[in-house]
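Below you'll find the structure, written out as C-alpha coordinates, and then a few comments.
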Amino acid sequence: MTQTAPRPQDLAATLPAAHDTVLILDFGSQVTQLIARRVREAGVYAVLKPFNTPLADLRALSPKAIILSGGPASVTEENSPRAPMEIFDMGVPVLGICYGLQTMCTQLGGRVAASDKREFGRAFIRTESAKLLAGMGDGAKAEVWMSHGDSVKDLPAGFKTIAASDSCPHAAVADEARGLYGVQFHPEVAHTPQGAQLLRNFVIDIAGCKADWSMAHFRDEIIEQLRAQVGTGRVLCGVSGGVDSTVVAALLHAAIGDQLTCVFVDTGLMRKNEAAEVVELFRDHFNIPLVHENAEDIFLDRLAGISDPEQKRKIIGKTFIDVFEGAKKKAGAADFLAQGTLYPDVIESVSFAGGPSVTIKSHHNVGGLPDDLQFKLVEPLRLLFKDEVRALGRALGVPEKFIGRHPFPGPGLAIRIPGEITREKLDTLRAADAIFIAELHDKKLYTETWQAFAVLLPVKTVGVMGDGRTYDHVLALRAVTSVDGMTADYAPLPHDFLGHVATRIVNEVRGINRVVYDITSKPPGTIEWE
Ligand code: XMP
(Lines give C-alpha, C1' and ligand atoms only; values in the text may rest on other atoms or scores of the structure.)
Protein backbone atom coordinates (compact mmCIF):
# COMPACT_ATOMS: atom_id res chain seq x y z
CA MET A 1 0.00 0.00 0.00
CA THR A 2 1.27 3.44 -0.79
CA GLN A 3 1.97 5.45 2.28
CA THR A 4 0.73 9.03 1.98
CA ALA A 5 2.63 12.11 3.01
CA PRO A 6 1.25 14.48 5.66
CA ARG A 7 -1.35 16.77 4.10
CA PRO A 8 -1.20 20.54 4.59
CA GLN A 9 -4.28 20.58 6.80
CA ASP A 10 -2.77 18.03 9.24
CA LEU A 11 0.32 20.13 9.65
CA ALA A 12 -1.63 23.34 10.10
CA ALA A 13 -2.96 21.89 13.34
CA THR A 14 0.52 21.95 14.81
CA LEU A 15 1.49 25.61 14.52
CA PRO A 16 4.84 26.47 16.09
CA ALA A 17 4.33 26.73 19.83
CA ALA A 18 6.15 29.30 21.93
CA HIS A 19 9.62 27.97 22.61
CA ASP A 20 12.45 29.42 24.62
CA THR A 21 14.58 31.36 22.16
CA VAL A 22 18.34 31.65 21.96
CA LEU A 23 19.42 34.73 20.02
CA ILE A 24 22.68 34.43 18.09
CA LEU A 25 24.18 37.75 17.04
CA ASP A 26 26.23 37.20 13.92
CA PHE A 27 29.55 38.99 13.55
CA GLY A 28 30.28 37.29 10.23
CA SER A 29 32.05 34.07 11.12
CA GLN A 30 31.82 31.38 8.47
CA VAL A 31 30.63 28.97 11.13
CA THR A 32 27.91 31.02 12.83
CA GLN A 33 25.25 28.65 11.54
CA LEU A 34 27.06 25.86 13.30
CA ILE A 35 26.30 27.58 16.60
CA ALA A 36 22.61 27.60 15.66
CA ARG A 37 22.87 24.00 14.71
CA ARG A 38 24.42 22.96 18.03
CA VAL A 39 21.72 24.86 19.92
CA ARG A 40 19.07 23.07 17.84
CA GLU A 41 20.78 19.78 18.60
CA ALA A 42 20.41 20.58 22.28
CA GLY A 43 16.66 20.79 21.64
CA VAL A 44 16.43 24.58 21.88
CA TYR A 45 15.11 27.05 19.32
CA ALA A 46 17.75 29.42 17.89
CA VAL A 47 17.39 32.62 15.88
CA LEU A 48 20.29 34.22 14.09
CA LYS A 49 20.42 38.00 13.53
CA PRO A 50 23.10 40.36 12.20
CA PHE A 51 25.02 42.14 14.99
CA ASN A 52 23.57 45.51 13.92
CA THR A 53 19.90 44.50 14.09
CA PRO A 54 17.91 47.29 15.81
CA LEU A 55 17.60 46.69 19.53
CA ALA A 56 13.80 46.81 19.44
CA ASP A 57 13.78 43.86 17.02
CA LEU A 58 16.11 41.90 19.30
CA ARG A 59 13.97 42.64 22.35
CA ALA A 60 10.87 41.55 20.46
CA LEU A 61 12.32 38.05 20.31
CA SER A 62 12.41 37.87 24.13
CA PRO A 63 15.55 35.73 24.05
CA LYS A 64 16.36 33.58 27.05
CA ALA A 65 20.04 33.60 26.16
CA ILE A 66 22.27 35.48 23.73
CA ILE A 67 25.35 34.18 21.92
CA LEU A 68 27.80 36.51 20.17
CA SER A 69 29.45 34.74 17.24
CA GLY A 70 33.00 34.94 15.98
CA GLY A 71 33.89 37.16 13.04
CA PRO A 72 36.68 38.19 10.70
CA ALA A 73 37.22 41.72 12.11
CA SER A 74 39.59 42.81 14.87
CA VAL A 75 38.22 44.83 17.79
CA THR A 76 41.43 46.86 17.64
CA GLU A 77 40.35 48.30 14.27
CA GLU A 78 38.39 51.51 14.18
CA ASN A 79 34.69 50.99 13.42
CA SER A 80 34.83 47.26 13.98
CA PRO A 81 31.42 45.77 14.86
CA ARG A 82 30.02 45.98 18.38
CA ALA A 83 27.08 44.37 20.14
CA PRO A 84 24.32 46.71 21.36
CA MET A 85 25.42 47.67 24.91
CA GLU A 86 21.91 47.02 26.24
CA ILE A 87 22.13 43.27 25.68
CA PHE A 88 24.53 42.98 28.61
CA ASP A 89 21.84 44.39 30.89
CA MET A 90 18.86 42.46 29.57
CA GLY A 91 19.08 40.08 32.50
CA VAL A 92 19.73 37.04 30.30
CA PRO A 93 23.02 35.13 30.04
CA VAL A 94 25.38 36.15 27.23
CA LEU A 95 28.11 33.96 25.75
CA GLY A 96 30.76 35.52 23.50
CA ILE A 97 32.67 33.23 21.15
CA CYS A 98 36.07 34.36 19.79
CA TYR A 99 35.32 37.81 18.30
CA GLY A 100 32.16 37.80 20.42
CA LEU A 101 34.28 37.37 23.55
CA GLN A 102 36.67 40.09 22.45
CA THR A 103 33.99 42.66 21.72
CA MET A 104 32.22 41.83 24.99
CA CYS A 105 35.43 42.35 26.99
CA THR A 106 36.25 45.56 25.11
CA GLN A 107 32.75 46.97 25.56
CA LEU A 108 32.70 46.17 29.27
CA GLY A 109 36.03 47.86 30.04
CA GLY A 110 38.59 45.11 29.46
CA ARG A 111 41.48 45.24 27.00
CA VAL A 112 42.11 43.22 23.84
CA ALA A 113 45.26 43.41 21.75
CA ALA A 114 47.01 41.51 18.99
CA SER A 115 48.58 38.32 20.35
CA ASP A 116 52.31 37.83 20.11
CA LYS A 117 51.50 34.59 18.39
CA ARG A 118 48.47 34.04 16.21
CA GLU A 119 46.85 30.76 17.05
CA PHE A 120 45.07 28.57 14.49
CA GLY A 121 44.18 24.98 15.14
CA ARG A 122 44.18 22.48 17.91
CA ALA A 123 45.00 23.59 21.44
CA PHE A 124 44.55 22.24 24.96
CA ILE A 125 42.98 24.20 27.78
CA ARG A 126 43.19 23.63 31.52
CA THR A 127 39.72 24.11 32.91
CA GLU A 128 38.63 25.38 36.33
CA SER A 129 35.46 24.14 37.91
CA ALA A 130 32.70 26.24 36.31
CA LYS A 131 29.12 25.62 35.26
CA LEU A 132 29.91 26.52 31.63
CA LEU A 133 32.67 23.94 31.44
CA ALA A 134 30.97 21.08 33.30
CA GLY A 135 31.81 17.79 31.62
CA MET A 136 34.68 19.34 29.63
CA GLY A 137 37.49 17.44 31.22
CA ASP A 138 36.68 18.55 34.79
CA GLY A 139 39.89 20.31 35.67
CA ALA A 140 41.95 18.23 33.29
CA LYS A 141 43.05 19.19 29.82
CA ALA A 142 40.37 19.61 27.15
CA GLU A 143 40.98 19.75 23.43
CA VAL A 144 39.65 22.85 21.67
CA TRP A 145 39.89 24.60 18.29
CA MET A 146 41.43 28.07 18.28
CA SER A 147 41.44 30.57 15.44
CA HIS A 148 42.44 34.08 16.47
CA GLY A 149 44.97 36.82 16.04
CA ASP A 150 43.88 39.01 19.00
CA SER A 151 43.38 37.99 22.59
CA VAL A 152 42.05 39.39 25.83
CA LYS A 153 44.82 41.00 27.89
CA ASP A 154 42.84 42.52 30.80
CA LEU A 155 39.48 41.28 31.97
CA PRO A 156 36.59 43.64 32.63
CA ALA A 157 35.68 44.16 36.31
CA GLY A 158 33.77 41.21 37.78
CA PHE A 159 35.21 38.65 35.34
CA LYS A 160 37.48 35.73 36.20
CA THR A 161 39.37 33.25 34.07
CA ILE A 162 37.92 29.75 34.02
CA ALA A 163 40.23 28.14 31.44
CA ALA A 164 43.66 28.86 30.01
CA SER A 165 45.99 27.37 27.44
CA ASP A 166 49.75 27.82 27.12
CA SER A 167 49.41 30.60 24.60
CA CYS A 168 46.01 31.96 25.65
CA PRO A 169 45.78 32.92 29.34
CA HIS A 170 42.08 33.81 29.09
CA ALA A 171 40.71 30.95 26.98
CA ALA A 172 37.41 31.01 28.86
CA VAL A 173 36.14 33.75 31.17
CA ALA A 174 33.04 34.37 33.24
CA ASP A 175 31.22 36.93 35.34
CA GLU A 176 28.89 34.37 36.84
CA ALA A 177 26.99 36.90 38.93
CA ARG A 178 25.90 38.79 35.80
CA GLY A 179 25.62 35.66 33.65
CA LEU A 180 28.28 36.81 31.18
CA TYR A 181 30.62 34.23 29.63
CA GLY A 182 33.20 34.13 26.90
CA VAL A 183 35.40 31.59 25.16
CA GLN A 184 38.33 32.29 22.88
CA PHE A 185 38.01 28.89 21.17
CA HIS A 186 35.19 27.68 18.93
CA PRO A 187 32.87 25.27 20.78
CA GLU A 188 30.60 24.99 17.71
CA VAL A 189 33.08 23.14 15.48
CA ALA A 190 33.61 19.39 15.50
CA HIS A 191 37.32 19.93 16.28
CA THR A 192 36.28 20.93 19.82
CA PRO A 193 35.09 17.49 20.89
CA GLN A 194 33.17 18.64 23.96
CA GLY A 195 32.03 21.92 22.43
CA ALA A 196 28.45 20.74 22.00
CA GLN A 197 28.43 19.97 25.73
CA LEU A 198 29.61 23.51 26.51
CA LEU A 199 26.83 25.05 24.41
CA ARG A 200 24.31 22.73 26.03
CA ASN A 201 25.60 23.79 29.47
CA PHE A 202 25.09 27.40 28.47
CA VAL A 203 21.60 27.24 26.98
CA ILE A 204 20.09 24.65 29.29
CA ASP A 205 21.90 24.68 32.64
CA ILE A 206 22.85 28.34 32.76
CA ALA A 207 20.05 30.02 30.78
CA GLY A 208 17.41 27.50 31.81
CA CYS A 209 15.99 26.99 28.31
CA LYS A 210 13.59 24.09 27.94
CA ALA A 211 14.83 21.40 25.57
CA ASP A 212 11.48 20.96 23.85
CA TRP A 213 12.26 21.87 20.28
CA SER A 214 12.59 19.25 17.54
CA MET A 215 12.83 18.79 13.81
CA ALA A 216 9.04 18.46 13.69
CA HIS A 217 8.75 22.00 15.08
CA PHE A 218 11.27 23.19 12.58
CA ARG A 219 9.30 21.55 9.80
CA ASP A 220 6.13 23.33 10.92
CA GLU A 221 7.95 26.61 11.24
CA ILE A 222 9.42 26.38 7.74
CA ILE A 223 6.02 25.43 6.37
CA GLU A 224 4.50 28.53 7.98
CA GLN A 225 7.25 30.70 6.54
CA LEU A 226 6.73 29.21 3.08
CA ARG A 227 3.00 29.93 3.25
CA ALA A 228 3.73 33.52 4.23
CA GLN A 229 6.32 33.92 1.47
CA VAL A 230 4.35 32.33 -1.35
CA GLY A 231 0.83 33.46 -0.48
CA THR A 232 -1.42 32.46 -3.35
CA GLY A 233 1.48 32.32 -5.84
CA ARG A 234 2.47 29.31 -7.89
CA VAL A 235 5.79 27.56 -7.36
CA LEU A 236 7.89 25.53 -9.74
CA CYS A 237 10.35 23.09 -8.27
CA GLY A 238 13.00 21.20 -10.21
CA VAL A 239 13.47 17.71 -8.80
CA SER A 240 16.23 15.22 -9.47
CA GLY A 241 15.58 12.41 -7.03
CA GLY A 242 18.36 13.72 -4.80
CA VAL A 243 17.57 14.28 -1.15
CA ASP A 244 17.69 18.09 -1.25
CA SER A 245 15.25 18.70 -4.08
CA THR A 246 12.99 15.93 -2.77
CA VAL A 247 12.79 17.53 0.68
CA VAL A 248 12.16 20.97 -0.83
CA ALA A 249 9.27 19.54 -2.86
CA ALA A 250 7.83 17.69 0.13
CA LEU A 251 8.00 20.86 2.25
CA LEU A 252 6.31 22.95 -0.40
CA HIS A 253 3.68 20.34 -0.95
CA ALA A 254 2.88 20.33 2.75
CA ALA A 255 2.82 24.15 2.76
CA ILE A 256 0.93 25.06 -0.40
CA GLY A 257 -0.52 21.83 -1.78
CA ASP A 258 -1.43 22.10 -5.45
CA GLN A 259 0.06 25.55 -5.93
CA LEU A 260 3.23 23.50 -6.49
CA THR A 261 4.30 21.86 -9.74
CA CYS A 262 7.46 19.80 -9.97
CA VAL A 263 9.58 19.42 -13.07
CA PHE A 264 11.84 16.47 -13.55
CA VAL A 265 14.30 16.75 -16.41
CA ASP A 266 15.31 13.22 -17.28
CA THR A 267 18.71 13.66 -18.87
CA GLY A 268 19.10 10.01 -19.79
CA LEU A 269 22.30 10.20 -17.76
CA MET A 270 20.79 8.76 -14.62
CA ARG A 271 21.34 5.44 -12.90
CA LYS A 272 19.38 2.27 -13.48
CA ASN A 273 15.65 2.66 -12.67
CA GLU A 274 16.27 6.07 -11.17
CA ALA A 275 13.93 8.04 -13.42
CA ALA A 276 11.08 5.60 -12.81
CA GLU A 277 11.62 5.84 -9.04
CA VAL A 278 11.46 9.62 -9.11
CA VAL A 279 8.23 9.59 -11.09
CA GLU A 280 6.72 7.04 -8.74
CA LEU A 281 7.68 8.97 -5.61
CA PHE A 282 6.18 12.24 -6.79
CA ARG A 283 3.11 11.03 -8.64
CA ASP A 284 2.11 8.04 -6.53
CA HIS A 285 3.57 8.60 -3.09
CA PHE A 286 3.23 12.35 -2.74
CA ASN A 287 0.55 12.99 -5.31
CA ILE A 288 2.38 16.08 -6.52
CA PRO A 289 1.78 17.24 -10.12
CA LEU A 290 4.94 16.32 -11.99
CA VAL A 291 6.07 17.28 -15.47
CA HIS A 292 8.41 14.47 -16.53
CA GLU A 293 10.51 15.67 -19.43
CA ASN A 294 12.27 12.78 -21.11
CA ALA A 295 15.18 14.52 -22.75
CA GLU A 296 17.60 11.64 -23.28
CA ASP A 297 17.73 12.11 -27.06
CA ILE A 298 18.53 15.82 -26.87
CA PHE A 299 21.26 15.31 -24.27
CA LEU A 300 22.88 12.41 -26.12
CA ASP A 301 22.70 14.25 -29.46
CA ARG A 302 24.40 17.29 -28.08
CA LEU A 303 27.03 15.22 -26.27
CA ALA A 304 27.87 13.10 -29.31
CA GLY A 305 31.57 13.17 -30.10
CA ILE A 306 32.47 15.27 -27.03
CA SER A 307 35.30 14.01 -24.81
CA ASP A 308 36.49 17.07 -22.95
CA PRO A 309 35.14 17.04 -19.36
CA GLU A 310 34.53 20.78 -19.11
CA GLN A 311 32.82 20.86 -22.49
CA LYS A 312 30.57 18.01 -21.39
CA ARG A 313 29.61 19.86 -18.24
CA LYS A 314 28.87 23.08 -20.12
CA ILE A 315 26.75 21.32 -22.73
CA ILE A 316 24.79 19.53 -20.03
CA GLY A 317 24.26 22.74 -18.07
CA LYS A 318 23.03 24.60 -21.15
CA THR A 319 20.84 21.73 -22.36
CA PHE A 320 19.33 21.38 -18.93
CA ILE A 321 18.23 25.00 -19.01
CA ASP A 322 16.82 24.68 -22.53
CA VAL A 323 14.80 21.61 -21.57
CA PHE A 324 13.69 23.13 -18.29
CA GLU A 325 12.41 26.19 -20.17
CA GLY A 326 10.28 23.93 -22.34
CA ALA A 327 8.99 21.98 -19.35
CA LYS A 328 8.19 25.23 -17.56
CA LYS A 329 5.74 26.11 -20.29
CA LYS A 330 3.99 22.78 -19.80
CA ALA A 331 3.84 23.39 -16.05
CA GLY A 332 1.99 26.67 -16.58
CA ALA A 333 2.71 30.11 -15.18
CA ALA A 334 4.70 30.29 -11.95
CA ASP A 335 5.80 33.12 -9.70
CA PHE A 336 8.46 31.34 -7.71
CA LEU A 337 11.23 28.89 -8.37
CA ALA A 338 12.20 26.58 -5.50
CA GLN A 339 15.80 25.57 -4.99
CA GLY A 340 17.50 23.14 -2.65
CA THR A 341 20.36 25.45 -1.67
CA LEU A 342 21.98 24.30 1.57
CA TYR A 343 23.95 26.29 4.10
CA PRO A 344 27.35 24.97 2.97
CA ASP A 345 26.54 26.24 -0.56
CA VAL A 346 25.85 29.63 0.94
CA ILE A 347 29.09 29.86 2.89
CA GLU A 348 31.14 28.61 0.01
CA SER A 349 29.75 31.32 -2.21
CA VAL A 350 30.28 34.15 0.29
CA SER A 351 33.94 33.76 1.00
CA PHE A 352 35.54 36.14 3.44
CA ALA A 353 38.95 35.22 2.14
CA GLY A 354 38.07 37.18 -0.97
CA GLY A 355 40.94 35.80 -3.03
CA PRO A 356 40.37 34.44 -6.49
CA SER A 357 39.78 30.72 -6.47
CA VAL A 358 40.57 28.32 -9.24
CA THR A 359 37.76 26.50 -10.98
CA ILE A 360 38.47 22.81 -10.62
CA LYS A 361 35.18 21.71 -12.14
CA SER A 362 32.27 23.84 -13.23
CA HIS A 363 29.55 22.39 -11.07
CA HIS A 364 26.16 22.05 -12.53
CA ASN A 365 23.27 21.50 -10.19
CA VAL A 366 20.00 20.16 -11.38
CA GLY A 367 17.72 23.08 -10.70
CA GLY A 368 20.62 25.55 -10.84
CA LEU A 369 19.34 28.12 -13.29
CA PRO A 370 20.58 31.35 -14.87
CA ASP A 371 19.90 34.83 -13.48
CA ASP A 372 17.67 36.00 -16.29
CA LEU A 373 14.79 33.70 -15.39
CA GLN A 374 11.97 35.89 -14.17
CA PHE A 375 11.31 34.09 -10.90
CA LYS A 376 11.47 34.89 -7.26
CA LEU A 377 13.46 32.26 -5.40
CA VAL A 378 12.24 30.03 -2.60
CA GLU A 379 15.11 28.38 -0.75
CA PRO A 380 13.73 26.71 2.36
CA LEU A 381 16.91 24.74 3.15
CA ARG A 382 19.25 27.73 3.12
CA LEU A 383 20.05 27.46 6.80
CA LEU A 384 20.44 23.71 7.06
CA PHE A 385 23.22 21.19 6.88
CA LYS A 386 22.87 17.97 4.93
CA ASP A 387 22.11 15.74 7.90
CA GLU A 388 19.49 18.21 9.13
CA VAL A 389 17.87 18.06 5.68
CA ARG A 390 17.74 14.29 6.05
CA ALA A 391 16.11 14.58 9.48
CA LEU A 392 13.64 17.07 8.06
CA GLY A 393 12.88 14.70 5.19
CA ARG A 394 12.08 11.96 7.69
CA ALA A 395 9.80 14.34 9.59
CA LEU A 396 7.98 14.93 6.28
CA GLY A 397 7.51 11.26 5.47
CA VAL A 398 10.02 11.08 2.60
CA PRO A 399 10.87 7.38 2.13
CA GLU A 400 14.19 6.23 3.55
CA LYS A 401 15.36 5.13 0.10
CA PHE A 402 15.54 8.79 -0.96
CA ILE A 403 16.83 10.14 2.34
CA GLY A 404 19.86 7.93 2.68
CA ARG A 405 20.90 8.14 -0.95
CA HIS A 406 24.47 8.98 -1.87
CA PRO A 407 24.95 12.32 -3.58
CA PHE A 408 24.67 12.17 -7.35
CA PRO A 409 26.13 14.90 -9.55
CA GLY A 410 23.93 16.98 -11.87
CA PRO A 411 25.83 15.90 -15.02
CA GLY A 412 25.16 12.32 -13.97
CA LEU A 413 26.84 9.37 -15.63
CA ALA A 414 28.32 11.63 -18.33
CA ILE A 415 31.18 12.46 -15.98
CA ARG A 416 31.66 8.78 -15.13
CA ILE A 417 32.42 7.84 -18.74
CA PRO A 418 35.73 9.47 -19.62
CA GLY A 419 35.78 10.05 -23.36
CA GLU A 420 32.83 9.95 -25.67
CA ILE A 421 29.37 9.11 -24.35
CA THR A 422 27.13 6.66 -26.16
CA ARG A 423 23.86 5.02 -25.24
CA GLU A 424 25.60 1.65 -25.22
CA LYS A 425 28.28 2.78 -22.80
CA LEU A 426 25.62 4.32 -20.57
CA ASP A 427 23.72 1.03 -20.46
CA THR A 428 26.91 -0.91 -19.69
CA LEU A 429 27.81 1.49 -16.89
CA ARG A 430 24.27 1.44 -15.46
CA ALA A 431 24.32 -2.35 -15.28
CA ALA A 432 27.71 -2.48 -13.54
CA ASP A 433 26.90 0.38 -11.17
CA ALA A 434 23.64 -1.30 -10.14
CA ILE A 435 25.51 -4.47 -9.17
CA PHE A 436 28.05 -2.55 -7.09
CA ILE A 437 25.35 -0.56 -5.28
CA ALA A 438 23.12 -3.60 -4.70
CA GLU A 439 26.07 -5.48 -3.20
CA LEU A 440 26.93 -2.54 -0.95
CA HIS A 441 23.35 -2.52 0.34
CA ASP A 442 23.34 -6.26 0.73
CA LYS A 443 26.55 -6.34 2.78
CA LYS A 444 25.47 -3.28 4.84
CA LEU A 445 28.34 -1.24 3.44
CA TYR A 446 26.28 1.40 1.61
CA THR A 447 25.81 3.64 4.63
CA GLU A 448 29.48 3.27 5.56
CA THR A 449 30.44 5.16 2.42
CA TRP A 450 29.73 8.76 1.51
CA GLN A 451 29.52 7.95 -2.16
CA ALA A 452 30.12 4.83 -4.25
CA PHE A 453 29.85 4.34 -7.98
CA ALA A 454 31.38 2.80 -11.08
CA VAL A 455 33.34 4.55 -13.83
CA LEU A 456 33.53 3.09 -17.34
CA LEU A 457 37.02 3.66 -18.74
CA PRO A 458 37.81 4.29 -22.41
CA VAL A 459 40.47 1.60 -22.18
CA LYS A 460 40.16 -1.91 -23.50
CA THR A 461 42.24 -4.78 -22.23
CA VAL A 462 42.65 -8.42 -23.13
CA GLY A 463 41.03 -11.13 -21.05
CA VAL A 464 40.10 -14.75 -21.29
CA MET A 465 36.62 -16.10 -20.72
CA GLY A 466 35.83 -19.77 -21.22
CA ASP A 467 38.24 -20.69 -23.96
CA GLY A 468 38.04 -17.42 -25.78
CA ARG A 469 39.95 -14.19 -25.85
CA THR A 470 38.05 -11.06 -24.84
CA TYR A 471 38.92 -7.49 -25.59
CA ASP A 472 36.65 -5.30 -23.50
CA HIS A 473 36.41 -2.21 -21.30
CA VAL A 474 37.95 -1.67 -17.89
CA LEU A 475 35.57 -0.57 -15.12
CA ALA A 476 36.77 1.33 -12.08
CA LEU A 477 34.94 1.12 -8.78
CA ARG A 478 35.09 4.24 -6.61
CA ALA A 479 33.93 4.41 -3.00
CA VAL A 480 34.86 7.20 -0.60
CA THR A 481 34.32 8.26 2.96
CA SER A 482 33.82 11.95 3.58
CA VAL A 483 32.01 14.42 5.81
CA ASP A 484 31.11 17.04 3.26
CA GLY A 485 32.60 16.00 -0.08
CA MET A 486 35.26 18.70 0.20
CA THR A 487 37.89 16.18 1.22
CA ALA A 488 37.59 12.41 1.00
CA ASP A 489 39.42 9.16 1.60
CA TYR A 490 38.97 6.01 -0.41
CA ALA A 491 36.77 3.59 1.49
CA PRO A 492 38.66 0.56 2.81
CA LEU A 493 36.14 -1.95 1.43
CA PRO A 494 37.06 -5.56 2.27
CA HIS A 495 39.09 -7.33 -0.43
CA ASP A 496 36.75 -10.30 -0.58
CA PHE A 497 33.81 -7.95 -1.08
CA LEU A 498 35.58 -6.18 -3.94
CA GLY A 499 36.55 -9.53 -5.44
CA HIS A 500 32.96 -10.70 -5.29
CA VAL A 501 31.65 -7.51 -6.95
CA ALA A 502 34.32 -7.76 -9.69
CA THR A 503 33.39 -11.36 -10.43
CA ARG A 504 29.72 -10.53 -10.68
CA ILE A 505 30.31 -7.55 -12.96
CA VAL A 506 32.61 -9.40 -15.37
CA ASN A 507 30.23 -12.36 -15.49
CA GLU A 508 27.00 -10.42 -15.78
CA VAL A 509 27.79 -7.27 -17.74
CA ARG A 510 28.71 -7.61 -21.39
CA GLY A 511 31.50 -5.33 -22.50
CA ILE A 512 33.53 -5.32 -19.27
CA ASN A 513 36.32 -7.82 -18.69
CA ARG A 514 38.40 -6.13 -15.99
CA VAL A 515 37.59 -4.28 -12.77
CA VAL A 516 39.92 -2.04 -10.75
CA TYR A 517 39.44 -0.18 -7.45
CA ASP A 518 40.36 3.50 -7.17
CA ILE A 519 42.42 4.13 -4.01
CA THR A 520 43.03 7.86 -4.46
CA SER A 521 42.04 10.32 -1.75
CA LYS A 522 40.80 13.88 -2.34
CA PRO A 523 42.99 15.86 -2.55
CA PRO A 524 44.98 15.17 -4.66
CA GLY A 525 42.27 13.34 -6.60
CA THR A 526 38.64 14.44 -6.87
CA ILE A 527 35.72 12.16 -6.09
CA GLU A 528 34.36 12.04 -9.63
CA TRP A 529 36.75 11.20 -12.44
CA GLU A 530 35.85 14.25 -14.51
P1 XMP B 1 34.45 16.21 -6.81
O2 XMP B 1 34.48 15.30 -7.99
O3 XMP B 1 34.60 17.66 -7.19
O4 XMP B 1 33.01 16.04 -6.21
O5 XMP B 1 35.41 15.80 -5.74
C6 XMP B 1 32.61 16.48 -4.93
C7 XMP B 1 31.15 16.15 -4.77
O8 XMP B 1 30.38 16.94 -5.68
C9 XMP B 1 29.66 16.11 -6.57
N10 XMP B 1 29.72 16.77 -7.88
C11 XMP B 1 28.70 17.46 -8.40
N12 XMP B 1 27.46 17.68 -7.92
N13 XMP B 1 26.97 18.93 -9.85
C14 XMP B 1 26.60 18.40 -8.67
O15 XMP B 1 25.44 18.57 -8.30
C16 XMP B 1 28.20 18.75 -10.38
O17 XMP B 1 28.52 19.25 -11.45
C18 XMP B 1 29.11 17.97 -9.61
N19 XMP B 1 30.39 17.59 -9.81
C20 XMP B 1 30.74 16.84 -8.72
C21 XMP B 1 30.36 14.78 -6.55
O22 XMP B 1 29.49 13.73 -6.93
C23 XMP B 1 30.80 14.70 -5.10
O24 XMP B 1 29.73 14.32 -4.27
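Remember, it's 1-based here, ligands and their atoms both numbered in the order they're listed.
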Open item on the list: Below 4.0 Å from ligand 1: does a non-hydrogen atom of Arg313 turn up there or not?
Closed with: yes

TODO: State the atoms of ligand 1, each with its element, that fall below the 4.0 Å cut-off from a heavy-atom position in Thr526.
DONE: 1 (P), 2 (O), 5 (O)

Open item on the list: Parallel, tilted or perpendicular, judged at 30° and 60°: which one describes the rings of Tyr99 and Phe27?
Closed with: tilted

- [ ] Check whether NZ of the Lys or CZ of the Arg Arg416 lies under 6.0 Å from the centre of the six-membered ring of Phe453 and within 45 degrees of that ring's axis.
- [x] yes

Task: Aromatic Tyr490 / basic Arg478 pairing, under 6.0 angstrom, 45° off normal - done: no

Task: Contacting atoms of ligand 1, where contact means under 4.0 angstrom from a heavy atom of Gly485 - done: 6 (C)

Task: Lys522 neighbourhood, listing ligand 1 atoms whose heavy-atom distance to it stays under 4.0 Å - done: 1 (P), 3 (O), 5 (O), 6 (C)

TODO: Can you label the angle between the Phe436 ring and the Phe497 ring as parallel, tilted or perpendicular, going by 30° and 60°?
DONE: tilted

- [ ] Looking only at distances, please establish whether an N/O atom of ligand 1 is found under 3.5 Å from an N/O atom of Ile527.
- [x] yes

Open item on the list: Are there over 12 heavy-atom neighbours, none belonging to Tyr446, within less than 6.0 Å of that residue's OH?
Closed with: yes

Task: Distance under 6.0 Å and angle within 45° of ring axis: Arg271 vs Phe408 - done: yes

Task: For ligand 1, the portion of Pro411 having any non-hydrogen atom under 4.0 Å away - done: side chain

- [ ] Taking only heavy atoms of Gly410 into account, list the atoms of ligand 1 that are under 4.0 Å away from them.
- [x] 13 (N), 14 (C), 15 (O)

